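Position 1 is the first residue of the sequence, and the numbers go up from there. Every number for a ligand or one of its atoms is a count from 1 in the order of the listing. Keep in mind it's a predicted model, so treat the numbers as computed, not measured. No hydrogens, no waters, no symmetry mates; every other heavy atom, side chains included, goes into these values.
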Amino acid sequence: MSIRRAPPGASDDSAQEGAIAPARRLKDRYDGRAKVTGAARYAADFAVPDVAYAFLVQSTIPNGAVTSIDSSAAEHAYGVLAVLTPFNAPRLPVLPLQPSVRRNLSVLQNTEVHYNGQPIAVVVATSLDEATCAAALLRITYDVQTAKLDFMGRLGESRPIKEPGRDPADTSRGDLSASMAKAATIVEETYTTPIQNHNSMETHSTVAWWERDKLNLYDSTQSITGDQQTIAKVLGIPIENVRVQCPFTGGGFGSKGSTWSHVILAAMAAKAVGRPVKLALDRNQMFGPVGCRPATVQKIRLGASTNGRLLAVQHNVVLHSSVMEDFLEPSAFATRMLYSSESNITTHQVVDMNLGIATHMRAPGEATGTAAFESAMDELAIKLKMDPIHLRLVNYAEIDEGKNLAFTSKHLRECYQQAAEQFGWSRRNPTPGQRLEGTEFIGCGMATATRHATRSAAQAIVRILQDGRVFVGSGTQDLGTGTYTIIAETAAETLGLDPSLVEVKLGDSTLPRAPASTGSQSAASVCPAVRNAARQALLQLFNLAIADDRSPLHGRKPEDLGVLDGRIFLKLHPSTGQTFAEIITSNGGKPVEAIEGAEPGADRASYTANSFGAVFAEVAVDRDTCMVKVRRVVGTYDIGTLMNNKTGLNQLIGGIVWGVSFALHEEAHIDPVFGRTVNENFAEYHVPVNADIGQIDVTVLDIPDMLFNPVGARGIGEIAITGVAAAIANAIYNATGKRVRQFPITSDKIMDRR
Ligand code: MOS
């Protein structure tokens, strides 16, 4: 993939290379109208002719094997087209698990059962009701084995993680015991976070159909390219025979970042019945077969000198892990670099469980890690009788001490200062339990937010049409985050056009490839590619005009030309020029087109790129019921360039709402005998509703990070969930004098500590 230099004349006039001109901001969502009018189609919305409906049948035991499935009644039920089971499903090629197919899928290739809820059959019928009804007629027998379901009781059996990934699971810097021996104040506590399940508004859905040996899918995914690769490998067909379309994804949060069993099963079912098949998961099926955030037990030891300098930092994490596949929730990764300290030890181990596979969930690592670590920092500040912001400033990390690397850009001090001022932190009473309003104790707390930034190679196509409008395409996808919007804006700005003249197409694997919309990387990866492609298309227009002896720009140099409002002109004589439409028309009317890429530079390993923020919370805790209300949250974030006010700030607000959920509400309860998630619905798996959310104020510093990428954006999708749970826990302590270290902080836990 080539990264070409931009044509000299095409760069904007701003002093800083690539800085986003503020005039182009504050635009509405590109897809807002399509969303509110229902024109936006999600995977299951597509009316594919002759479609049949699949129902996913799940195991009802947590461990063992399926010994028989009597499907005769189901097969004879009205409307039923096929019943796929481990006993009749077509064999798939046995492939070594490739890096892109790491997932241990349940696609009816054997009879093993590893968790309650595992897919074990698929019923296909002419209607969803018929399929659902027939599934109830299956007679299934099992060989039931003892299951591993007691996480807390088996912590002693924890083991190292297989294939931890890019960064090591364990790190050690300095001499921890020597540092600890010098410490005047020590905090040593254990924090726990529960299993959480992704619950995007749109459940996972797939429509699959075959055209001879070619497979087509509408799939709700965070990665059409990953989908395409995984499906091709698992089914053993050439990648070019798989086309994945996903114009809109109704949220994903990591759960749709990889391809789960139901996608493959939909394709297998479509082949079996010879017609298109739609398989949409029910809400309860979101709890198990499509990932979860693992439960964590986090032991933290902090040793500090009397003036608050951190000498020793120790963070030992034990995670639950599915017997099917390990997942490293990197809870202590941020602990390695968040503050300066003399010595630092982090470890991650797992305990095998008969549960569905754990996976990435919004800010994997930082979300769980900061909940614990930033609570511990608050406990340290209290022991030191020090203001918690001051403690963080005393230990401010100028570099990433974990990797001994400079940051691409870090402005966390400004975040503390701005957010504290906006929140009114100086008016807080540091002594707990002092502020009673009616029957409620009021308290305030704060925490640091952080999330590492990633960027991958991406490509885009830009086509300038004869009428002066522009088409932009890229094989990325929009999860509702604003990808359409910022791509339209980036192209419009590079081409000096109004964004309303730009048409964007995403979510089709026939478009130039782009990475998964995971790890908050889409803006930083795709926008530079869009800009390069737009510049290249513009350069082609310049050259057409320059070569055209009928053009007023004939014979000029590209660097003498400027562009504004769809017109190319002589910089020294702006009234001399031609519109895009005139240039293309005068050259035969053929659109001008460029496909370009962008990728991280070779120096990516010489920096640490992280976003930072400061988050403050005010809570009210009822004196009698211990019910917690989060009255206010104020967050200030250093996320590099803010690409779009509306979509960017929306994501930050959404992240904070999820942080409130993490702090107070969310928890999957596992039946200790049967291993099924007991509360697999929105009545009992609590997520906040409007009444649970008070005032949220977010601001960003908006300082471009030009070392990270040419648009200066570090990504915004995940950081705002981080820190929030700790800020709320710290506020509850300030309100009541009670420290709860087991998330979510429900009323019973506060009451227990009376
Ligand atoms: Mo994310 S949790 O990388 O979608």
Side-chain angles (χ1 to χ4, degrees), residues 99-100 102-103 165-167 193 195-204 219-227 230 246 248-260 263 286 290-296 319 325 327-331 333-334 356-371 449-456 458 476-483 506-507 514-526 609-611 639 647 650-652 654-659 661-662 666 668 687 713-725:
S100 57
R102 293 193 49 227
R103 187 109 298 147
R166 238 178 338 123
D167 289 324
T193 68
I195 295 176
Q196 298 173 349
N197 288 88
H198 318 71
N199 268 290
S200 47
M201 291 291 281
E202 181 202 23
T203 63
H204 289 249
D219 190 36
S220 179
T221 178
Q222 289 174 243
S223 178
I224 52 170
T225 51
D227 239 11
T230 304
C246 177
F248 294 95
T249 308
F253 313 111
S255 172
K256 294 174 183 167
S258 51
T259 306
W260 299 96
V263 180
M286 298 291 283
V290 288
C292 65
R293 197 196 290 279
T296 76
L319 310 161
E325 187 179 308
F327 171 70
L328 171 55
E329 164 84 14
S331 305
F333 278 21
I357 293 166
T359 191
H360 306 276
M361 183 161 166
R362 201 172 195 174
E366 290 94 340
T368 48
T370 57
T450 191
R451 170 75 185 160
H452 71 276
T454 43
R455 179 189 174 199
S456 306
T476 178
Q477 45 280 311
D478 192 328
L479 318 186
T481 46
T483 310
L506 310 177
S517 295
T518 54
S520 306
Q521 69 174 336
S522 290
S525 305
V526 181
N610 258 69
S611 283
I639 44 87
T647 65
N650 274 189
Q651 284 192 75
L652 293 174
I656 289 173
V657 169
W658 203 339
S661 191
F662 193 123
E666 250 182 283
V687 294
R714 266 199 309 267
I716 203 166
E718 293 172 291
I719 182 169
I721 192 178
T722 75
V724 178

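No side-chain donor-acceptor contact under 3.5 Å links Thr518 to the backbone of Gly254. With Gln477 contributing its side chain and Gly507 its backbone, the two residues share no donor-acceptor pair below 3.5 Å. Put simply, the side chain of Ser525 never gets that close to the backbone of Ser522: no donor and acceptor are under 3.5 Å apart.
Annotation: Gly254 places an N or O atom under 3.5 Å from an N or O atom of ligand 1; distance criterion only. In terms of polar-atom proximity, defined here as any N/O pair under 3.5 Å, Gln222 does make such a contact with ligand 1. Taking any N or O of Ala363, backbone or side chain, none lies under 3.5 Å from an N or O belonging to ligand 1.
Of the protein's non-hydrogen atoms, the one nearest atom 3 (O) of ligand 1 is Gly519 N, 2.6 Å.
Close approach of ligand 1 to Phe253 (heavy-atom distance below 4.0 Å) involves ligand atoms 2 (S), 4 (O). If you number the atoms of ligand 1 from 1 as listed, the ones under 4.0 Å from a heavy atom of His360 come out as 2 (S).
In this structure, Ile224 CD1 and Ser517 OG are separated by 8.5 Å, a value rounded to the nearest 0.5 Å.
Looking at Gln521, Arg362, Glu718 and measuring to atom 1 (Mo) of ligand 1, the nearest heavy atom belongs to Glu718.
Ion pair Glu718/Arg451 flagged as a salt bridge, since at least one NZ, NE, NH1 or NH2 atom sits closer than 4.0 Å to an Asp/Glu carboxylate oxygen.
For the pairing with Ser255, the side chain to side chain contact (heavy atoms under 4.5 Å, CB included) check across His198, Arg362, Arg293 returns one residue only, His198.
Taking a 4.0 Å cut-off on heavy atoms, Pro364 registers as neighbouring ligand 1. Ligand 1 is never approached by Gly252 to a heavy-atom distance shorter than 4.0 Å.
Heavy atoms of Ser520 found under 4.0 angstrom from ligand 1: none, in either backbone or side chain.
For Lys256 and Ser220, the side-chain atoms include at least one donor-acceptor pair closer than 3.5 Å.
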